[in-house]
Amino acid sequence: MDRVPLVHASLGEQELAAVAEVFSSGWPAGQGPQGKALETELAERYGAAGAVALSNCGAALHLALLALGVQPGDEVIVADYTFPAPAHAVRYVGAVPVFADVRADTGTIDPLAVADLVGPRTVGVIAVDTVGLPADYEDLKLITDRHGLFLVEDAACAVGATYRGREAGALAPVACLSFHGRKGATSGEGGALLTADPALAAKARLQSSFGIQPIFDQAQIVGLPIPVFTEIGYNYKLSDIAAAILRVQLGRIGELLDRRCAVAAQYAELLADEELVTLPHVPPDRTHAWQTYMVKLDAGVDRAGVAADLRAQGIGCGHGTWACHLQPVYEAKQECPVSASLFQSHLAIPMHAELTAGQVERVVDTLRTALRAHSRP
Ligand SMILES: *Cc1c(COP(=O)(O)O)cnc(C)c1O
């Protein structure tokens, strides 16, 4: 049976060659020549004053909130329908995540919900480019500017997407990227913080490295400099091994994204007449990075039954992402009905850059059969 995995990381010979070079360079740890070159390339690509290479996007969100000065007891409004990294980061700094419901058509944070939730303790907003689709940044910026709040873009899934002609990752003054193995560009684990504020980047970089300047730089100085610890930091550095892989991946974003877009177009064409699913909606002012392809199942469809049939046929699938306010860890006493409904009715089907047209056809045929078998009239 031809197995069709839900996700697949496109890592190959070019990435292996880049790793081999790092092995012979003698500096596999973080903040070395590869890390520096990656930061320069990221800053250029995104037109950012500062780019900090980090071990993952969760670390980037944590450092962003620290650098923005979020204090215990502050409230930060976060998108509800997402992998819960933003709300976790808010909790890392002792602040309170306030969950904003999302647009029914896009799953991205609803600016009207955000405006309603702003209160005396609100300090900022974390918007998410939901599974690769950018949120409504112009509307969000109006709200955050009016109230003097910060705006962070969680672009973890959105490398290569655009909003009104601008790149995801450059849509807010601070943005966080993920290079986890399930994202569009990957080094296995990895992340980055991008910002228009060089001081914020410097602070985040220092805190990613135990609160001292890069050891690689220290080693280049003649004499015996003894680094001084001036603050408590973490170890959130990206290794130079991962940085080398990412430099190759960044060069391949266009090629990999074209493949994902072709898969999405084929799904849209083949499923256009399927009345038991609603296809993803991409507003005309933005483009999707297709980190995940989620269809919304009709209310009469038993999702678990459909998923079991797909998996029995060797086709990977999943629930998509999470309604954060329903996760017990937050003990949220809020309601986000749109997010809750998407959480119940979305089904993620295979999406990656190496799916063949034949595999996409098989996914669609199997899905159609499973939908008929598991729907009540
Ligand atoms: C994957 C993801 C993250 C976490 O990224 P890591 O690099 O695994 O820490 C954060 N936010 C969103 C929206 C994600 O999808």
Side-chain angles (χ1 to χ4, degrees), residues 6-7 9 30 38 42 51-66 76-92 97 99-100 102-103 106-109 125-135 137 140 151-161 163 168-169 171-172 174-194 204 208 234-239 242-243 245-246 249-250 260 280 288-294 318-325 327 329-330 336 339 342-343 346 348 351-352:
L6 180 63
V7 293
L38 174 67
L42 284 170
V52 188
L54 295 167
S55 51
N56 57 68
C57 182
L61 288 162
H62 185 187
L63 295 182
L65 295 184
L66 288 171
V76 179
I77 298 172
V78 296
D80 191 65
Y81 192 53
T82 176
F83 186 82
H88 269 45
V90 171
R91 289 283 292 266
Y92 295 161
F99 299 98
V102 296
R103 282 174 55 166
T106 59
T108 53
I109 190 166
V125 176
I126 306 177
V128 174
D129 300 333
T130 314
V131 302
L133 183 66
Y137 287 95
L140 292 167
L151 178 59
V152 171
E153 176 188 10
D154 180 343
C157 299
V159 170
Y163 168 80
L171 302 176
V174 179
C176 300
L177 303 180
S178 172
F179 303 116
H180 180 266
R182 292 183 65 160
K183 316 294 186 187
T186 183
S187 48
E189 300 278 354
L193 183 152
L194 304 170
S208 76
Y234 303 83
N235 185 358
Y236 283 167
K237 301 185 298 294
L238 184 75
S239 76
I245 295 172
L246 273 181
Q249 286 270 299
L250 289 182
R260 285 177 184 261
H288 207 307
W290 300 115
Q291 187 265 340
T292 300
Y293 193 91
M294 298 190 298
H319 64 87
T321 192
W322 283 262
C324 291
H325 74 289
Q327 301 311 307
V329 62
Y330 303 120
C336 298
S339 172
L342 296 177
F343 181 47
H346 264 152
M351 171 52 83
H352 58 80

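Remember, it's 1-based here, ligands and their atoms both numbered in the order they're listed.
The shortest distance between side-chain heavy atoms of Leu63 and Tyr236 falls below 4.5 Å. Considering only heavy atoms from C-beta on, Leu65 comes within 4.5 Å of Val90 through its side chain. Side-chain contact between Arg91 and Pro97 is present, with heavy atoms from C-beta onward closer than 4.5 Å.
Near Thr82, the atoms of ligand 1 lying under 4.0 angstrom from a non-hydrogen atom of the residue are 13 (C). Heavy-atom proximity to Asp154, at under 4.0 Å, picks out these atoms of ligand 1: 10 (C), 11 (N), 12 (C), 13 (C). Listed by number with element, the atoms of ligand 1 under 4.0 angstrom from any heavy atom of Cys157 are 15 (O). Atoms of ligand 1 lying under 4.0 Å from at least one heavy atom of Gly190, given by number and element, are 7 (O). With ligand atoms numbered from 1 in the order given, ligand 1 contributes 13 (C) to contacts under 4.0 Å with heavy atoms of Val128. Those atoms of ligand 1 that come under 4.0 Å of a heavy atom in Cys57, given as number and element, are 4 (C), 5 (O), 6 (P), 7 (O), 9 (O), 10 (C).
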Inset, instruction - Please report the C-alpha distance between His88 and Tyr330 in whole Å, then the side-chain angles of each, then the deciding distance to 0.1 Å, and finally whether the ring pair (Phe, Tyr, Trp, His ring centres under 6.0 Å) criterion is met. - result: CA-CA 9 Å; His88 269 45; Tyr330 303 120; 5.7 Å; yes
Inset, instruction - Apply side chain to side chain contact (heavy atoms under 4.5 Å, CB included) to Leu42 and Leu246, showing your working. - result: CA-CA 10 Å; Leu42 284 170; Leu246 273 181; over 6 Å; no
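A tilted orientation is assigned to the rings of His325 and Phe99, their planes being inclined by 30° to 60°.
The shortest N or O to N or O distance between Ser178 and ligand 1 is below 3.5 Å.
Atom 9 (O) of ligand 1 has Gly58 N, 2.9 Å as its closest protein atom, hydrogens excluded (heavy atom only). Among all non-hydrogen protein atoms, the one lying nearest atom 10 (C) of ligand 1 is Ala85 CB, 3.3 Å.
Side-chain rings of Tyr81 and His346 approach one another, their centers coming within less than 6.0 Å.
At least one heavy atom of Lys183 sits closer than 4.0 Å to an atom of ligand 1. Under a 4.0 angstrom heavy-atom cut-off, Ala60 registers as lying outside contact with ligand 1.
Side-chain atoms of Gln291 come within 3.5 Å of backbone atoms of Arg182 as a donor-acceptor pair (strictly under, hydrogens ignored).
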